[in-house]
Amino acid sequence: MITSKHLSADELREKFLNFFESRGHKILPSSSLLPENDPSVLFTTAGMQQFKRFYLFPEEAPSVRIATCQKCVRTGDIDEVGDQTHLTFFEMLGNFSFGYPREKGSYFKKEAIEWAWEFLTKELEIDKSRIYATYFKDDAKEVPEDKESLAILQQVEGLDDIRPQGFGDNFWSLGTEGSPGGPTVEFYVDGVEVWNLVFNEFVLKNGTYEPSELKGIDTGMGLERLTAMMQGKSDVFQTDLFDAIISKIEEISGKKYDENQKEFRIIADHIRSAAAMIADGVLPSNKDQGYVLRRLIRRAIVQGRRIGLYDNFTDQLTDNDLVRTETSKEELKFRTTLEKGMRQFDIISGMTVRKNDEHWSKYEIDANQLFDLYQTYGMPIEVTAEIALEKDIPIKEGAIGLFEVMKKNHQQKSRTASSGMFKGGLADNKVETTRLHTAAHLLLAALRDLLSEDIEQKGSNITEERLRFDFNYPSKLTDEQIKEIEDLVNQKISEALPIKMQEMSLDEAKTSGATGSFHDRYGDKVKIFTIGKEGEQPFSREICGGPHVENISQLGQFKIIKEESSSAGVRRIKAILQ
Ligand code: SER
């Protein structure tokens with residue numbers, strides 16, 4: 001590959017930001033990987049996300065010209081990771097403008113295109129003949145051809161190759177209601193897309209793109225890809241961004257990157273992504289961001305085995321203490337599962353008796369066995385498949401498909417079971433149990449009120465003696481916090497608040513602001529229990545199928561008897577009513 005100027009990733013980042021700073025842009029820091037006040041996405045996936053509002057309300061922007069280097073996570077491509085370019089975590093360089101033409105200093109297509117060209121060809125000194133550009137033209141869509149961009153591109157000196165592309169390639173939108181979107185111009189170098197310039201001139205409303213009065217610019221250039229290009233590499237894992245982690249994997253495994261590219265790439269990408277997530281406050285769990293993180297760490301561990309890393313290693317791939325602690329904890333947990341599962345695997349597959357038996361096809365693993373490994377031993381199917389490959393044990397044809405069906409059926413069955421006789425995680429239907437169940441609602445409301453609105457129920461188990469309640473929270477509660485929680489619950493009990501039950505659709509329930517973590521477990525109609533005074537903001541409003549007392553004054557004195565860790569990022573409270 002032809003190289004131009006050799007630049008490190010740090011130099012590129014700096015060059016980009018300086019270039020736009022000297023063109024009147026305010027340089028802002030990357031926002032967190034966890035989007036603030038935006039439940040529409042799990043992670044930040046693009047530079048424009050933190051500025052989404054400014055396209056509609058430019059007067060709120062700290063400047064009408066902004067440039068950033070934004071940390072992003074995209075999970076849609078996890079299965080592609082292992083090739084030369086796909087990454088879960090990456091950095092995106094971007095310049096933005098809002099409120100065109102109304103706001104003074106705002107700009108649109110002409111400046112965006114000309115500056116991109118100038119940056120690539122003058123600043124980075126990429127030979128013009130290596131570059132081509134695409135613009136939007138799609139006869140099948142109501143959105144008109146972007147003739148304006150075509151005309152500007154035709155004026156660019158030295159750009160000889162301009163290609164039309166359709167909606168799938170040259171139209172960009174976050175895809176969420178109310179978000180801006182529009183046609184794009186993309187710059188390719190040596191056939192690889194490096195820079196995407198989005199011209200936000202539409203807003204997605206009720207599923208259609210409506211022209212917006214104010215227009216904006218949103219560009220994105222993946223730093224890792226750009227770095228590879230500038231360093232003459234077609235493989236992002238061979239750039240200086242990955243040097244340290246790849247060498248470390250070579251060192252601890254004694255294997256070479258060149259001979260084990262796929263495994264090295266997955267481990268490097270996944271652990272680097274996990275580190276970025278943990279640094280931004282995600283902890284491994286079974287839900288949402290935490291679940292993505294857990295899968296990344298576990299997948300890295302599985303790949304590690306393929307290059308001979310059978311002992312804990314993730315902590316050696318980062319020097320951030322928090323990250324080390326968290327990945328190690330998860331690794332330890334997963335290895336215990338793996339070991340048990342693998343012992344069982346050996347028994348099931350006949351490995352323990354097989355030895356030199358030549359008729360080993362009789363030991364093929366079938367769907368029932370896959371299901372047992374999954375259900376009883378917690379082995380994810382992809383891990384079992386990996387191990388089977390490693391040990392040269394065949395999986396029966398069609399068994400994986402059958403396994404998936406069994407898994408679905410089982411999920412359905414457990415859903416039905418959980419909506420059975422004793423609802424709401426109750427062990428029985430006794431009065432004591434019912435009282436504790438109502439108390440659990442108060443407890444959740446108090447936790448959300450006092451600690452964090454993000455708290456959700458992660459599990460509960462209620463007997464006539466005590467309630468056990470699990471919820472997401474990153475740290476141990478202090479004695480003061482426990483006291484405050486008890487006090488708030490007891491205060492509400494003393495206010496003798498009434499409880500009201502209503503039935504509504506799940507959607508209505510969500511809009512009404514009800515909490516309830518087990519979204520997909522509920523049927524069409526759900527019951528909502530509201531605790532609070534008529535006409536006032538309720539203290540608690542929860543989706544729940546269980547029985548409740550009629551008035552909370554019947555509860556007595558609420559007392560927390562234990563607070564402990566339940567699993568990574570999940571705390572457990574045990575409480576009684578006196
Ligand atoms: N939002 C566009 C992208 O993600 C350009 O920044 O590609």
Side-chain angles (χ1 to χ4, degrees), residues 12-13 16-17 19-20 25-33 35 38 40-56 61 64-77 80 85-98 100 106-109 111-113 115-117 119-120 133-136 143 146 149 165-189 192-204 209 212 215-227 229 236 273:
L12 281 165
R13 211 186 274 114
F16 180 89
L17 296 176
F19 180 87
F20 283 100
H25 290 65
K26 190 176 173 68
I27 309 304
L28 290 183
S30 169
S31 65
S32 164
L33 277 177
D38 187 352
S40 65
V41 280
L42 282 185
F43 291 104
T44 299
T45 59
M48 59 80 76
Q49 224 154 296
Q50 61 165 323
F51 307 132
K52 222 163 66 175
R53 243 184 102 75
F54 301 157
Y55 291 97
L56 303 177
V64 292
R65 295 182 182 192
I66 290 175
T68 59
C69 178
Q70 173 67 49
K71 303 178 271 189
C72 298
V73 159
R74 289 190 183 174
T75 52
D77 293 339
E80 314 280 334
T85 52
H86 278 96
L87 293 170
T88 313
F89 168 83
F90 62 97
E91 290 178 73
M92 199 190 276
L93 301 166
N95 54 296
F96 310 89
S97 175
F98 319 104
Y100 181 86
S106 61
Y107 62 91
F108 202 44
K109 296 178 183 174
E111 290 84 346
I113 291 173
W115 284 335
W117 181 255
F119 185 74
L120 294 175
T134 62
Y135 77 102
F136 176 78
V143 185
D146 185 9
S149 290
Q165 285 200 128
F167 195 78
D169 293 304
N170 278 56
F171 194 94
W172 202 89
S173 152
L174 267 180
T176 51
E177 183 66 14
S179 64
T184 70
V185 158
E186 291 173 350
F187 283 101
Y188 286 71
V189 179
V192 178
E193 182 201 326
V194 293
W195 205 340
N196 187 17
L197 319 181
V198 184
F199 308 127
N200 283 322
E201 43 189 338
F202 296 96
V203 178
L204 187 58
Y209 292 99
S212 58
K215 304 174 206 295
I217 291 294
D218 153 31
T219 89
M221 175 153 61
L223 176 70
E224 289 77 359
R225 252 191 221 184
L226 182 72
T227 306
M229 198 187 71
V236 293
S273 306

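All ligand and atom numbering here is 1-based and tracks the order in the structure. All figures in this text were calculated on a predicted structure; none of them were measured in a lab. Numbering of residues begins at 1 and proceeds along the displayed sequence.
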Legend entry - Stepwise side chain to side chain contact (heavy atoms under 4.5 Å, CB included) check, Phe199 with Ile217: CA-CA 5 Å; Phe199 308 127; Ile217 291 294; 3.4 Å; yes

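Leu93 contributes atom CG, which lies 8.0 Å from atom OG1 of Thr219 (distance to the nearest 0.5 angstrom).
The salt bridge (Lys or Arg N to Asp or Glu O under 4.0 Å) search around Asp146 returns Lys109, not counting sequence neighbours. Residues forming a ring pair (Phe, Tyr, Trp, His ring centres under 6.0 Å) with Tyr107 (at least two apart in sequence, or on another chain): His25, Trp115. In terms of the salt bridge (Lys or Arg N to Asp or Glu O under 4.0 Å) criterion, Arg74 has no residue partners (sequence neighbours excluded).
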Table of N or O contacts for ligand 1, cutoff 3.5 Å:
{"residue": "ligand 1", "atom": "1 (N)", "partner": "Asp218", "partner atom": "OD2", "Å": "2.8"}
{"residue": "ligand 1", "atom": "4 (O)", "partner": "Arg74", "partner atom": "NH2", "Å": "2.9"}
{"residue": "ligand 1", "atom": "6 (O)", "partner": "Asp218", "partner atom": "OD1", "Å": "2.7"}
{"residue": "ligand 1", "atom": "6 (O)", "partner": "Thr219", "partner atom": "O", "Å": "3.2"}
{"residue": "ligand 1", "atom": "6 (O)", "partner": "Gly220", "partner atom": "N", "Å": "3.1"}
{"residue": "ligand 1", "atom": "7 (O)", "partner": "Asn196", "partner atom": "ND2", "Å": "3.0"}

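Classification of the Phe54-Phe51 ring pair by plane angle, with boundaries at 30° and 60°, yields parallel.
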